[in-house]
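Here the structure comes first, spelled out in structure tokens, and everything after it is commentary.
Chain letters run A, B, ... following the sequence lines, proteins first, then strands; residues in each count from 1. As the structure is a prediction and not an experimental result, all values here were calculated from the model.
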Amino acid sequence: MSWKMLPSLHTALCQQEMEDKVISPEKVEEIKLKARYPNLGAKPGGSDFLRKRLQKGQKYFDSGDYNMAKAKMKNKQLPSAPAEKTEITGGHIPTPQDLPQRKTSIVASKLAG
Amino acid sequence: ADIISTVEFNHTGELLATGDKGGRVVIFQQEIENKNQPQFRSEYNVYSTFQSHEPEFDYLKSLEIEEKINKIRWLPQKNAAQFLLSTNDKTIKLWKISERDKRPEGYNLKEEDGRYKDPNTITSLRVPVLKPMDLMVEASPRRVFANAHTYHINSVSVNSDNETYLSADDLRINLWHLEITDRSFNIVDIKPANMEELTEVITAAEFHPHQCNTFVYSSSKGTIRLCDMRASALCDKHSKLFEEPEDPSNRSFFSEIISSISDVKFSHNGRYMMTRDYLSVKIWDLNMENRPVETYQVHEYLRSKLCSLYENDCIFDKFECCWNGNDSVVMTGSYNNFFRMFDRGHRRDVTLEASRENSKPMQVLKPRKVCTGGKRKKDEISVDSLDFNKKILHTAWHPQDNIIAVATTNNLYIFQDKVN
């Protein structure tokens, strides 16, 4: 005896399979994400996110560290100024104003991070 | 530092304030041409600029405190001066903006340049006279409300009683009196005893426009709680909880993140409130807690891009939303310098673009369309060519007229409805 599936049952089963296969776009994206980051925590949108959000604001080791970082920022903005000074050649006797300013030490302060 | 972080019209719409990442506030004033004709054209010109907040360093925690202005809220005008509250992550300041257009001349003891005269040379007495001078706009800090927030302030809202205001951070909401800076009352505290149990944070808070005892706060889990300050001193127990039930079969890793509410705004008539989550705008009737009465999709096509939006952090972008003067239209921003308007009554929506390249001043804006399917029509933009760095997070609508302010990353655009 061979069993033949009844047409209506066959259709119903096919439909069920199709429904199972149609995943929401969000789920598709989730699968993509989990494939790229397999170590992603099981608790989505949970404490990790929130903890990171509550901690916003760059942390420094101490206030000295903070002030050195701010000074570094200011120094980065200066380079254009010396470039504007004209070259001193030959027939001109240099005055203190003409001399370049002392360069910053190569040995960094121990306070710098 | 020029990145605009907040935009707000005052109660008459004559002034428009913007705050930026560098702690500066710039106020624009409306100049109207042809005031007497119905087809007026208005222009907003710079009225005042001042440094509201400076970067600070918290020595105890070794943390940098950003000077970025998170919110500006205007106080209703009481006298000739204008007042506004501006806040960064930790400190709220009350600023007084006043005009000076006269100055006294003819002092008895002082020369015109301010030097003091030798009293022996004075032989007669005269009364100083007020003479007109070029308009000078001065901004001075009148109150500094500091040291009341452990976490980062996300909202400030002035009460309709015009005496108090609230400030909200991630876990707490405080009630202040505008005259008193050395104390504030804590009215909401959702900090768990054990921080490991933290599951949600406060994302926005606002006072009801007319009921001075009512305020709402939204959470990162997509809920809104309405609280009544008459019920108890500490409003941890809400009076109403607004939450749309979720279909559990649709749940994904992203569900909670995209349900986080980034902004909540009461309607002007006080009967509704609007919330903005990552993909939609929802209008709630204050009398119905179990679901919103209207839902508008802002950029549904992003649902199939959530993976990349999570990777580039865009999924955490906090978009604001606003009502027009008569609560018939709502507006919110999107990516690619697009912003969206939803006409509630006519069930129409439009996508417009704020960009100098694609429109000239005084030219009518052309509606934009994002193509989601395969075949892209002419003038449509495909989802993959959207620029996610060009985000419009802050928008504001004039309280009476159809004038809107839209902030792109570095620029402020002002659009006016074309009156036929």
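Aromatic ring pairs are classed by plane angle as parallel below 30°, tilted from 30° to 60° and perpendicular above 60°; the pair Phe316(B) and Tyr310(B) is tilted.
Contact annotation for Leu309(B): neither backbone nor side-chain heavy atoms come within less than 4.5 Å of a heavy atom of chain A. Contacts of Leu171(B) with chain A are made by side-chain atoms alone, with heavy-atom separations under 4.5 Å and no backbone atom involved. Proximity to chain A (any heavy atom under 4.5 Å) is shown, for Thr150(B), by neither the backbone nor the side chain. Contact of Ser304(B) with chain A is made through backbone and side chain together, with heavy-atom distances under 4.5 Å.
Note that OG1 of Thr332(B) is 9.0 Å distant from CG of Leu393(B), once rounded to the nearest 0.5 Å. Rounding to the nearest 0.5 Å places NE2 of His152(B) at 9.0 Å from CG of Asp169(B).
Of the N and O atoms on the side chains of Asp387(B) and Asn336(B), not one donor lies less than 3.5 Å from an acceptor on the other residue.
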